[in-house]
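Everything quoted here is computed from the prediction, not taken from an experiment. What you see below is based on every heavy atom in this structure, not just the backbone, and it leaves out hydrogens, waters and symmetry mates.
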Amino acid sequence: MVQEDRVHWASLMDWLGLDHYIRSIRRSTEHFEGMTKGLGPTESGGGVMLGVKVSDITFAGIPVRIYEPPAGGEGHLRRGLMFFHGGGWALGSGKRGSYDTINRMVSDELNTVVVSVEYRLYPEVHFPVPYLDCLTAAKHFLSPEVLAKYAIDPERVAVSGDSAGGNLAAAVAQAISIDDKATVKFSIQALIYPVLQALDFNTPSYLQNKAIPVLYRDLMVRFWLQYLGVDLSLLPQWLVNNHSSLHHSAITPELRSRVDWTVLLPQEYKKDNKPVVVEKDSQGQRKEVPGLLDVRASPLLAGPQTLAKGPRAFILTCEYDVLRDDGLMYARRLQDAGVTVTSEHLEGGFHGCFSLIEWPNDFEIGKRALRSYLNWLQTNL
């Protein structure tokens, strides 16, 4: 059953009142993974990952999976990396599928202790709960006691994530960087096609790729509505930016400039697109969605002073992805704030390719994305 079929089936179950469609998709995905498990190349291929020790524990009450590299090199400190999986704050798990494989590879190849966080998801929770789960786990991980327990060098700790996980990684990195009480902070951040703002769903990439799988524009907006606890019937208004009032006087020119793709994007990505002007005053709607302008939900809205304190960054974007411009704008804003940024843009890449590296869903572009990620971590962490 392909992903689109799963969505249709799950929507039918929801309409019939038999289950929430998100839970139906989760079960369908787990069933598919169970059917294909063991049919392709095994995890032990070449024996390079057999030595990784995997443990499921909790960090300050938050479930995590820890990957510890093979024994050896005693007396030497190791790298550390915290990973947040994607899935629209509603789907996915770092314990299954390619996420598990990728984290094992990072642990083994880079001698890194990887911590994958199982933050809570919609529909059980809304913003800011997933963010707070990740921040709680991060603070625990960065404590001197925990770093010492796992022999991690406090100067070599990264935070990473893809898609919604990239959103959480960017937001957590910002929070830690401005926390004067934090004695250890992330040294780098690696963001894989991150989602970073909910004010403008008419950027060039949102329009050019609105019908490109696997992340359609309507679906990404739906994920945002769910995350922020907004009535899903408002989706048509959000699609035309009636939710944000980007040109309303209540939003200062400084705030508008932080998501102004006409300034932040290179010309080759802007092409002939024009900004969508909001014709309807929706100031009241902003009051009903307190998370809309919250930097913990939309890291791209953070001020330059906050961005300037952030760690060095790797930002991967893809040509065929509605979120392409989010990543490109964030890279530009970080650079303008004085942060060293490696902006990796994959021509021919599409949303989700980073985790499509295993049979029967393996793509060369996905393997390229993963290798770029690993190479950057090897050099910078």
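- In this structure, a donor-acceptor pair under 3.5 Å is present between the side chains of Tyr67 and Asp100.
- The aromatic ring centroids of Tyr150 and Phe141 lie 6.0 Å or more from each other.
- Ring centers of His345 and Tyr269: under 6.0 Å apart, within the cut-off.
- Ring geometry for Phe354 against Tyr373 counts as perpendicular: the plane angle is over 60°, on a 0 to 90° scale with 30° as the lower cut.
- Applying the ring-ring contact (aromatic ring centres under 6.0 Å, His included) test to residues at least two apart or on different chains, the pairs with a partner in residues 293-330 are Phe314-Trp376.
- Between Tyr206 and the options Leu323, Asp325, Asp321, a side-chain contact (heavy atoms from CB on, under 4.5 Å) holds for only Leu323.
- Between Val339 and Gly310, the shortest heavy-atom distance links the atoms CG2-O, 4.0 Å.
- In this structure, the side chain to side chain contact (heavy atoms under 4.5 Å, CB included) partners of Thr306, at least two apart in sequence or on a different chain, are Gln174, Ile178, Ala302.
- Note: Tyr122 and Tyr227 fail the aromatic proximity criterion, with ring centroids not under 6.0 Å apart.
- For Ser187, the side chain to side chain contact (heavy atoms under 4.5 Å, CB included) partners at least two apart in sequence or on another chain are Leu381.
- In the model, Ser93 has a side-chain atom that pairs as donor or acceptor with a side-chain atom of Glu118 under 3.5 Å.
- Here Lys185 does not pair with Asp179 in a salt bridge; the nearest charged N to carboxylate O distance is not below 4.0 Å.
- A ring-centre distance under 6.0 Å is found for Phe83 and Tyr99.
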